[in-house]
Amino acid sequence: MSKRDSVNFPRINLISLLAGALALASLFLPWWGLDASGFGSSVSPRWTLWNGPSMDSIFRSSTQPYPTLTSASAIIGALVVISALLSLAGSFTRNIRPLIGSFILSVLTPIAYLGIVSYAVTNSCNGQSNCLSGPFGTETVFGITLNWGFQIGFYLYVVAGTLTLVGLGFHRIFHKTIPTTRKSSTQPSTSTS
């Protein structure tokens with residue numbers, strides 16, 4: 001067997017495989033939550049994409065924002081699943097399109113989630129001064145410290161998106177494909193005259 005006739009083993013893009021696994025793991029971790037502490041006790045409600053706030057205790061005056069956060073989080077969860085599946089599929093194929101789709105979703109999904117949380121928190125205040133002032137922050141009122149913001153699941157998904165970008169670069173370098181037109185022009189012609 002000469003060098004030209006060497007066997008091509010299937011190549012797996014381990015970086016995008018890891019990115020897909022991290023994206024799937026982020027589904028089961030909290031994406032947003034609160035930490036309240038004071039007077040010797042603490043409470044930490046946190047929510048994954050599949051279980052949003054079940055009561056309106058956080059959003060003081062409005063009943064609209066928390067169902068919006070809960071229902072929109074499921075849509076974000078579906079986008080995370082699609083992104084993870086594209087990343088996993090892209091790690092086993094020579095085609096780069098699944099990884100490009102996964103990367104685009106991994107950029108748009110956290111931005112959309114930030115917008116959803118911002119909308120829910122802003123609309124829950126209705127102009128009150130003693131309310132959450134944005135999607136993340138900290139506040140101390142009457143000896144009670146309240147911290148709110150994004151949690152480990154959100155950040156893990158951002159890391160998965162970054163790994164997808166690295167996986168795209170890895171794919172471009174190590175999974176080179178020959179265009180169809182180039183394949184046909186490099187084949188020897190056998191004409192009998």
Review point. How far does CG of Leu99 sit from OG1 of Thr93, to the nearest 0.5 angstrom?
Key: 9.0 Å
For [X] versus [Y], what's the shortest heavy-atom pair and its separation?
X      : Y      : answer
Ile12  : Phe170 : O-CE2, 4.4 Å
Leu27  : Gly77  : CD2-O, 3.7 Å
Tyr113 : Ser73  : CE1-OG, 3.7 Å
Ser106 : Tyr157 : CA-OH, 3.3 Å
Ser102 : Ser87  : OG-CB, 3.4 Å
Ala25  : Leu156 : CB-CD2, 4.1 Å

Check your understanding: Aromatic ring centroids of Trp31 and Phe150 under 6.0 Å?
Key -> no
Check your understanding: Is the ring centre of Phe28 less than 6.0 Å from the ring centre of Trp50?
Key -> no
Point to revise | Pair Ser26, Tyr155: side-chain N/O donor-acceptor within cut-off below 3.5 Å | key: no
Distance-only criterion, 3.5 Å: show the donor-acceptor pairs between side-chain atoms of residues 159-168 and protein atoms not counting sequence neighbours.
unit_1, atom_1, unit_2, atom_2, d
Thr162, OG1, Val158, O, 3.0
Thr164, OG1, Ala160, O, 2.8

Point to revise | Plane angle bin for Trp47 and Trp32 - parallel if under 30°, tilted between 30 and 60°, otherwise perpendicular | key: parallel
Check your understanding: Taking the side chain from Thr109 and the backbone from Leu105, do they hold a donor-acceptor pair closer than 3.5 Å?
Key -> yes
**Study point:** Student check: side-chain heavy atoms of Ile75 and Leu49 closer than 4.5 Å
**Key:** no
